[in-house]
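Just the heavy atoms: all of them, side chains too, but no hydrogens, waters or symmetry mates, feed the values below. Here is the naming used below: chain letters follow the sequence lines, and residue numbers restart at 1 for every chain.
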Amino acid sequence: MIDIQLLRRNPQDVAKRLATRGPGAFDVSQFERFESTRKELQAAVQQAQASRNRIAKDIGQAKARGQDVAELMQQGEKLKSLLEQSEAQLEKLQSGFQDLLERIPNIPHESVPVGASSEDNPEQRRWGEPRKFDFAPKDHVDVGTELSGLDFETAAKIAGSRFVVMKGEVARLHRALAQFMLDVHTREHGYTETYVPYMVSGACANGVSSLSKFREDLFKIEGRDLYLIPTAEYPVTNFVRDEIIALEKLPLKYVCHSPCFRSEAGSAGKDTRGMIRNHQFDKVELVQMVHPARSYAALEELTGHAESILKRLELPYRVVTLCTGDMGFSSAKTYDIEVWLPSQNTYREISSCSNFEAFQARRMQARYRAENGKPDLVHTLNGSGLAVGRTLVAILENYQEADGSVSVPGALRGYMGGRERLTPP
RNA sequence: GGAGAGAUGGCAGAGUGGUCGAAUGCGGCAGACUCGAAAUCUGUUGUACGGUUUACCGUACCGGGGGUUCGAAUCCCUCUCUCUCCGCCA
């Protein structure tokens, strides 16, 4: 949620910065209409409440002295019906205002390039050389199927499209990847490993993004206030919900391996082949809660942590900065890491690392006790470190050989019983 | 699944219809004592919002939501969660 104080102080300025995200991000005149009615109504209601409190107190004191209170009681009664009306009015106005507020996206950081779409995302850096194949490289579906490791027909039979069944050494490689990522992040980057619920309440979902805006993307448990998590960011970020963290405890750094469930309602027909965009996939997620002054340094570090996995797996990648028009709703700044996929002859997203500043913390009331002793909102960050399914895709494609075998990256061999190569049966 | 108990400020814990935003203790902060520290003593210390702006005034908040009442932390309904006992179970 955006800072209401900032909005009140400087609506034009906020509107200007939000406009870089694209049309319709924020309507100033609607906001100002809301504000003037709200001010008037709120002042009136509070004044009436003050009189009610005064009268109630007077009655108490008069009674204690044994005086007659009939007159005062009558005054109170009159005020009560009046109050009920204006209170209801104010409540309605404020819930409408809250709804408006929750639909306003985060203000992009000043360093974020202005642009309209992913075409305008500037590349920050590249690492590794895409391999030159002396045969026509297959895509992960063909490679995995030939290894008898990926089975989309069986998955479709069980659950429909956009699911995968993994078997044998490919399933093991998938597990090895998650273990490897967890080990690197806990041992070398200082993250605490966590295991979390794969469902969260509506309130938690709303703290992380905006439920009124993203309900469609989530799988809901029928008849319960529970949603399957689309990323471990949901449960983990909510660790600090309604908490005041001691200054010296910051930064909090958590890593979590979990399945992720997404309805992919808006992406019909996109990436339908294979396991690039499935309803269920595994991800190792990095989450940090940090001091506001350190959040941009933390974003660079966190992105580096995700990159280090690709470097050790020797997978070529590049890092782009998302432009204002391509950035997610809650983010102030996002780097995407894209891995090279030979079959598509392009780089595809494998991690997204964002600084949300206080946007999530405000809604969650996630705070720390600042140097002056006062509670202040923390900044939250997260990033994939990495998407496990897509990393498996990248390995199958980049490490494939002409004979249909796939070599195991050196970093993973310890997790694969020393195995160096997966071969078709 | 059954029975019972409970949820109050950073923490512990009083408060069962009227100067209660809330005793007391711990913790935090400031001061006194001290060369300094500890101990001791004194004072102070919730959050959000609105109005005014160094001060100040007002409103809301005692697990969530609803109700009764002139007035609710306190009474009623409901939901959630925690604990204890019993049963069942990977």
Side-chain angles (χ1 to χ4, degrees), chain A residues 1-11 31-102 195-207 211 221 223-227 235 238-250 252 289 358-378:
Chain A
M1 197 166 57
I2 201 162
D3 183 1
I4 180 71
Q5 306 292 2
L6 188 68
L7 209 53
R8 289 203 173 115
R9 249 180 282 125
N10 232 332
F31 170 76
E32 282 176 338
R33 275 200 306 280
F34 252 120
E35 264 299 273
S36 64
T37 359
R38 192 223 87 228
K39 237 183 213 178
E40 208 175 311
L41 196 55
Q42 185 169 359
V45 166
Q46 292 191 348
Q47 206 165 20
Q49 285 171 328
S51 334
R52 178 202 57 196
N53 291 348
R54 185 67 246 165
I55 291 168
K57 210 168 243 186
D58 286 347
I59 291 175
Q61 286 174 4
K63 266 191 168 171
R65 288 193 300 263
Q67 296 169 339
D68 179 49
V69 293
E71 166 114 7
L72 282 168
M73 296 269 275
Q74 212 169 40
Q75 276 181 38
E77 232 161 317
K78 226 187 285 169
L79 202 55
K80 188 185 182 179
S81 58
L82 218 78
L83 241 178
E84 266 164 13
Q85 283 175 33
S86 48
E87 269 179 341
Q89 224 177 331
L90 180 65
E91 201 174 315
K92 201 173 142 207
L93 186 83
Q94 279 181 327
S95 81
F97 184 60
Q98 185 66 20
D99 200 57
L100 178 82
L101 209 60
E102 287 183 10
Y195 171 86
V196 300
Y198 298 156
M199 304 173 203
V200 294
S201 65
C204 282
N206 205 40
L211 196 51
I221 307 298
R224 312 264 326 237
D225 177 37
L226 284 174
Y227 297 82
N238 273 287
F239 283 5
V240 293
R241 185 167 167 220
D242 290 321
E243 296 279 333
I244 298 175
I245 303 151
L247 185 62
E248 62 272 17
K249 291 251 174 71
L250 294 180
L252 298 174
M289 295 86 180
F359 194 81
Q360 294 179 328
R362 188 168 297 113
R363 183 99 51 101
M364 289 191 297
Q365 282 301 299
R367 294 169 295 177
Y368 71 105
R369 204 165 284 284
E371 292 80 348
N372 62 7
K374 292 285 176 197
D376 185 25
L377 296 166
V378 297

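For the C1' atoms, the distance linking B/C20 with B/U8 amounts to 12 Å, nearest Å. Across the P atoms, B/A22 and B/U80 are found 33 Å apart, a figure rounded to whole Å. Taking atom C1' in both B/G2 and B/U59, the straight-line distance is 45 Å, to the nearest Å. One P atom belongs to B/U24, the other to B/G46, and the distance between them is 14 Å to the nearest Å. Taking atom C1' on both B/U74 and B/A7, the two are 15 Å apart, rounded to the nearest angstrom. Nucleotides B/U34 and B/G18 have their P atoms positioned 49 Å apart, rounded to a whole Å. Distance noted for atom P between B/U52 and B/G58: 16 Å (whole Å). Taking atom C1' in both B/G21 and B/C61, one finds a spacing of 9 Å when rounded to whole Å.
Side chains of A/Q85 and A/Q89: no donor on one and acceptor on the other come within 3.5 Å.
Checked against B/G10, B/U69, B/G18, the side chain of A/K80 finds its nearest nucleotide in B/U69. Out of B/U59, B/G10, B/C70, the shortest distance to the side chain of A/K63 is found at B/C70. Listed candidates were B/C70, B/U19, B/G51. Nearest to the side chain of A/R38 is B/G51. Taking the side chain of A/A50 as heavy atoms from C-beta on, and the options B/U69, B/G58, B/G51, the nearest nucleotide is B/G58.
Straight-line distance from the CD atom of A/Q75 to the P atom of B/U69: 19 Å, rounded to whole Å. Atom CG of A/L72 is separated from atom P of B/U69 by 19 Å (rounded to the nearest Å). For the pair A/D242 CG and B/A7 C1', the computed distance is 15 Å after rounding to whole Å. The distance from atom CD1 of A/I55 to atom P of B/U69 is 17 Å, rounded to the nearest whole Å. Spacing between atom CE of A/M73 and atom P of B/G18 amounts to 14 Å, rounded to whole angstrom units. A/I59 places its CD1 atom 4 Å from the C1' atom of B/C70, with the value rounded to the nearest Å. Atom P of nucleotide B/G51 and atom CD of A/Q49 are separated by 15 Å, given to the nearest angstrom. Taking atom CD of A/Q365 as the reference point, atom C1' of B/G46 lies 13 Å away to the nearest angstrom.
Across all strands shown, A/Q5 has heavy atoms under 4.0 Å from sugar-phosphate atoms exclusively, and none from any base. The residue A/G76 sits close only to the backbone: its heavy atoms come under 4.0 Å of sugar-phosphate atoms, none of a base.
Within a 6.0 Å radius of CD in A/Q74, other residues, nucleotides and ligands contribute 12 heavy atoms or fewer. The environment of CD in A/Q47 is sparse: at most 12 heavy-atom neighbours from other residues, nucleotides or ligands sit within 6.0 Å.
Residue A/Q94 places none of its side-chain N or O atoms closer than 4.0 Å to OP1 or OP2 of B/C49. Put simply, A/N53 has a side-chain N or O that comes within less than 4.0 Å of OP1 or OP2 on B/U59. Residue A/R54 places no side-chain N or O under 4.0 Å from the OP1 or OP2 atom of B/G18. The phosphate of B/U19 has neither OP1 nor OP2 within less than 4.0 Å of any side-chain N or O from A/K57. Contact check, A/K78 against B/C70: no side-chain N or O comes under 4.0 Å of OP1 or OP2.
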Q: Given side-chain contact (heavy atoms from CB on, under 4.5 Å), test A/L7 with A/I2 step by step and report yes or no.
A: CA-CA 8 Å; A/L7 209 53; A/I2 201 162; 4.2 Å; yes
Q | side-chain hydrogen bond (donor to acceptor under 3.5 Å, both in side chains) between A/Q365 and A/E243, worked out | A | CA-CA 7 Å; A/Q365 282 301 299; A/E243 296 279 333; over 6 Å; no
Q: Report the C-alpha distance between A/D3 and A/R362 in whole Å, list the side-chain angles of each, state the deciding distance to 0.1 Å, and finish with yes or no for side-chain contact (heavy atoms from CB on, under 4.5 Å).
A: CA-CA 8 Å; A/D3 183 1; A/R362 188 168 297 113; 3.5 Å; yes
Q. If you write RNA chain B from 5' to 3' in dot-bracket form, with Watson-Crick or G-U pairs under 3.5 Å, [ ] for crossing pairs and | for pairs with another strand, what do you get?
A. ((((((((.[[[..)..(.....]]]((((((.......))))))((((((....)))))).[[[[[..)....]]]]])))))))....
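The backbone N or O of A/G202 lies less than 3.5 Å from a partner atom in the side chain of A/D225, making a donor-acceptor pair. Checking side-chain atoms of A/D376 against main-chain N and O of A/A370 turns up no donor-acceptor pair under 3.5 Å.
For A/Q74 and A/A56, each mapped to the nucleotide of RNA chain B holding its nearest heavy atom, the one lying further toward the 5' end belongs to A/A56. Take the nearest nucleotide of RNA chain B for A/R367 and for A/K39: the residue whose nucleotide is more 5' is A/R367.
The salt bridge (Lys or Arg N to Asp or Glu O under 4.0 Å) contacts involving residues 35-49 of chain A comprise A/R8-A/E35, A/E35-A/R38, where partners must be two or more places apart or lie in separate chains.
Side-chain atoms of A/Q46 come within donor-acceptor range of the base of B/G58, with a qualifying N/O pair under 3.5 Å.
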